[in-house]
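These notes concern the structure reproduced below.
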Amino acid sequence: MPELPEVEVTRRSFAHAIEGATVQTVRLGKPLRWPLGCAPEWLVGRRVLSVGRRGKYLLIGLDHGLVLVHLGMSGSLRFAPVLPAAGAHDHFDLVTSLGTLRLHDPRRFGAVVYVDSLDDPQALKLLGHLGPEPLSDAFDLVQFQAQLKRHQSAIKSVLLAGEAVVGVGNIYASEALFLAGIRPTVRAARLNRSRAARLHAAIVQVLGQAVALGGSTLRDFSSASGQAGYFQLQTMVYGRAGLPCHVCASPVRLLKQGQRASFYCATCQKP
Ligand SMILES: [Zn+2]
């Protein structure tokens, strides 16, 4: 599943190339998770002003309104001056004067949604509850510490819930907790200020590194210009159950938390 770094890498791979383009045609394939929210013709003639991101949503800003794109479980975007004819899993083409943006999504949990503004009820429903962006100044240490104090559940689950910080999915939560030396099962409220501060720094470091390396992990992930990400090679614990910890050589452990796999080192990560 594309996590925040993959979405950010995707954004960077086409944001500049599509800026200033005029929409010429919109082609829809099979239904995605939510309907587009307007007639496709309604987008024709609009100009693309910017491509932003909030959590795992890409925000394609038009001269009127925005198109929100979510990659779901298996989605990927491509942007190129010319693309081959749409295949069975290509469910959205935004054909512009500078190239075509295409959503390829075999499982169709992705979405493309038009909204008039970020105050639109649909935009508020999708984006309004999202926590602070981990790679921006909005991810404030004091607020993060206060958020953790409010939760009695395991820190890993609190990170995944997206209220204390948005977009820290399973892989990056496992990696950040390793880097901070914190077991995934520790109750969030039990983390003292210095451990919470280490976790805050670790989240920023792990996500920033992943973006810098070009995204990760998804088998079929490729950024919109077609380059594969390779953060998976760098994981310290995620996906390494039974293998020796890179720091202390103890075997990495695997446990189920909720429905999710958690990987940790019992020596390096303290309860
Ligand atoms: Zn270790």
Side-chain angles (χ1 to χ4, degrees), residues 1-19 49-61 66 68-72 75-77 79 110 118 123 126-148 155-182 184 188 191 195-218 221-225 227-238:
M1 172 183 331
E3 295 206 37
L4 183 145
E6 285 86 353
V7 179
E8 176 61 17
V9 168
T10 298
R11 186 190 74 77
R12 292 182 186 186
S13 70
F14 77 97
H16 289 302
I18 201 172
E19 269 175 30
L49 301 184
S50 62
V51 183
R53 182 186 55 75
R54 185 74 179 93
K56 297 206 290 186
Y57 284 89
L58 290 171
L59 279 49
I60 301 174
L66 304 97
L68 313 183
V69 179
H70 196 287
L71 300 178
S76 60
L77 285 174
F79 180 74
L118 290 175
L126 299 177
L127 308 175
H129 63 285
L130 300 180
E133 280 294 324
L135 298 176
S136 80
D137 293 341
F139 188 35
D140 176 74
L141 173 58
V142 173
Q143 283 178 29
F144 180 66
Q145 288 165 326
Q147 275 284 345
L148 299 190
I155 181 61
K156 169 98 181 304
S157 311
V158 171
L159 293 179
L160 294 186
E163 190 185 341
V165 56
V166 73
V168 181
N170 204 29
I171 298 166
Y172 299 105
S174 292
E175 292 295 295
L177 286 165
F178 176 82
L179 199 61
I182 297 167
L191 290 172
R195 296 186 90 194
R198 278 211 301 278
L199 180 56
H200 181 274
I203 289 167
V204 173
Q205 182 180 334
V206 164
L207 291 174
Q209 190 179 36
V211 170
L213 288 174
S216 83
T217 58
L218 182 67
F221 170 74
S222 62
S223 66
S225 60
Q227 282 183 309
Y230 47 89
F231 180 75
Q232 186 164 32
L233 302 175
Q234 313 284 322
T235 61
M236 298 296 279
V237 285
Y238 185 84

Is a donor on one side and an acceptor on the other found under 3.5 Å between the side chain of [X] and the backbone of [Y]?
X	Y	answer
Glu163	Leu130	no
Glu175	Tyr238	yes
Arg11	Ser13	no
Ser136	Ala138	yes

Next on the checklist: So, using ring pair (Phe, Tyr, Trp, His ring centres under 6.0 Å) as the criterion, who are the partners of Phe144 when residues are at least two apart?
Outcome noted: Phe139, His200
Would you give the length of the straight line joining atom [atom1] of [X] to atom [atom2] of [Y], rounded to the nearest 0.5 angstrom?
X	Y	atom1	atom2	value
Ile18	His16	CD1	NE2	13.0 Å
Leu66	Leu127	CG	CG	9.0 Å
Ile155	Leu148	CD1	CG	4.5 Å
Leu199	Gln145	CG	CD	10.0 Å
Leu118	Leu59	CG	CG	5.5 Å
Arg12	Arg53	CZ	CZ	8.5 Å

Checklist entry - Between Tyr57 and His70, what is the ring plane arrangement, given parallel below 30°, perpendicular above 60°, and tilted in between? => result perpendicular
Item to check | From CA spacing to verdict: salt bridge (charged side-chain N to carboxylate O under 4.0 Å, His left out), Glu3, Lys56 | outcome: CA-CA 7 Å; Glu3 295 206 37; Lys56 297 206 290 186; 5.9 Å; no
Please report the shortest heavy-atom distance between [X] and [Y], naming the atom on each side.
X	Y	value
Tyr172	Val168	C-CG1, 4.0 Å
Ala123	Leu68	CA-CD1, 4.4 Å
Ser174	Val237	O-CG2, 3.6 Å
Leu126	His129	O-CE1, 3.2 Å
Gly169	Leu160	C-CD2, 3.4 Å
Val9	Val211	CG2-O, 3.6 Å

Checklist entry - Which is it for Val166 and Arg54 under the side-chain contact (heavy atoms from CB on, under 4.5 Å) test, yes or no, and what are the steps along the way? => result CA-CA 9 Å; Val166 73; Arg54 185 74 179 93; 3.7 Å; yes
Checklist entry - Heavy atoms, side chains only, cut-off 4.5 Å: are Leu4 and Pro134 in contact? => result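 Sidechains of Pro134 and Leu4: in contact.
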Item to check | Heavy-atom check, side chain of Ile182 versus side chain of Arg195, under 4.5 Å | outcome: yes
Item to check | Worked verdict on Leu177 versus Lys156 for side-chain contact (heavy atoms from CB on, under 4.5 Å) | outcome: CA-CA 8 Å; Leu177 286 165; Lys156 169 98 181 304; 4.0 Å; yes
Item to check | Stepwise side-chain contact (heavy atoms from CB on, under 4.5 Å) test for Phe79 and Val51 | outcome: CA-CA 13 Å; Phe79 180 74; Val51 183; over 6 Å; no
